[in-house]
Asks: 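Have a look at this one before I ask anything.
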Amino acid sequence: MGMLEPQFFELPTLELTEKLLGKIFVHVLPGNVQLKGRIVETEAYSGTGDEACHAWRGKTARNRIMFQKPGTLYVYFTYGNHFMLNIVSEPENIAGAVLIRAMEPVEGLQFMQEQRGTTLTTNLMSGPGKLTRALAIDTKSNGKNLFNDEFFLENAPSLEENEIGTTTRVGISKSRELLWRKFILNNPHVSKGRVT
DNA sequence: AGCGTGATCTTT
DNA sequence: AAGATCACGCTG
């Protein structure tokens with residue numbers, strides 16, 4: 001299956017949040033080291049009305065990437081330790097993004113194990129801070145897009161509705177009622193204790 | 001269940 | 001300028 005094209009990302013954020021499940025995220029390091037993970041857990045963050053979205057009050061120095069074209073990477077630093085990986089959604093000048101919360105390791109396991117200091121595959125990428133560490137992603141990648149040979153998504157079949165779980169989002173204090181978290185049911189690589 | 005760790009944003 | 005918050009992960 002080939003690389004996903006820009007048109008794939010032209011969907012409402014919540015729809016894209018589902019469509020990204022099962023797709024293969026690829027980061028190619030210098031020396032042609034290929035790191036690949038299958039996306040198994042995502043969350044939608046979108047514009048006005050969602051107070052948990054960084055951009056709900058408008059554009060700032062940090063969130064400006066959320067206003068760029070769909071398929072752009074929005075990476076930010078939080079809790080003094082962790083980088084969060086998002087894929088921008090919505091047309092240019094409208095804020096939206098999908099937080100990638102967990103992946104299933106597919107290629108580059110040895111590199112990931114060294115990065116993470118563990119060998120247990122269900123612990124390598126089972127959280128948003130874990131997966132950026134495993135994939136060697138930090139704010140240097142903020143603003144890059146998924147249409148080049150460093151970062152891209154490999155296509156894969158979409159999930160059936162009955163294979164997808166839906167809940168409220170994790171770790172937020174505002175807009176807690178929105179059912180904007182999507183994940184692959186019964187997949188052991190979703191973030192800890194949240195497989196169903 | 002508690003805490004580290006530092007950028008970002010709000011309030012003074 | 002100071003204080004609060006934070007789309008988390010690890011130890012205990």
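Protein chains get the first letters and strands the later ones, always in sequence-line order, with residue 1 at the start of each.
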Asks: Separation of Trp56(A) atom CH2 from dT10(B) atom C1', in whole Å?
Replies: 12 Å
Asks: Taking the six-membered ring of Tyr74(A), is NZ or CZ of Arg64(A) closer than 6.0 Å to its centre and within 45° of its axis?
Replies: no
Asks: For Thr60(A) and dT8(B), is the shortest distance between a side-chain N/O and OP1 or OP2 below 4.0 Å?
Replies: no
Asks: Are the charged groups of Glu51(A) and Arg57(A) less than 4.0 angstrom apart, N to O?
Replies: no
Asks: Could you pull out all residues at least two apart from Ala95(A) that satisfy side-chain contact (heavy atoms from CB on, under 4.5 Å)?
Replies: Ala55(A), Met66(A), Phe67(A)
Asks: Asp138(A) has an atom CG; how far is it from atom C1' of dG6(B), in whole Å?
Replies: 15 Å
Asks: Regarding Lys182(A) and Thr166(A), do their side chains bring together a donor and an acceptor under 3.5 Å, going by distance alone?
Replies: yes
Asks: Taking His27(A) for its side chain and Leu135(A) for its backbone only, find out whether a donor-acceptor pair lies under 3.5 Å.
Replies: yes
Asks: For nucleotides 1-12 of chain C, give me one character per nucleotide, 5' to 3': B if any protein heavy atom sits under 4.0 Å from the base, S if the only such contacts are to the sugar-phosphate, - if neither.
Replies: -----BBBSS--
Asks: Taking pairing as Watson-Crick or G-U wobble with both contacts under 3.5 Å, can you name the mate of dA7(C), or confirm there isn't one?
Replies: none
Asks: With distance as the sole test, does Ser126(A) use its side chain to make a donor-acceptor pair with the main-chain N or O of Lys192(A) at under 3.5 Å?
Replies: no
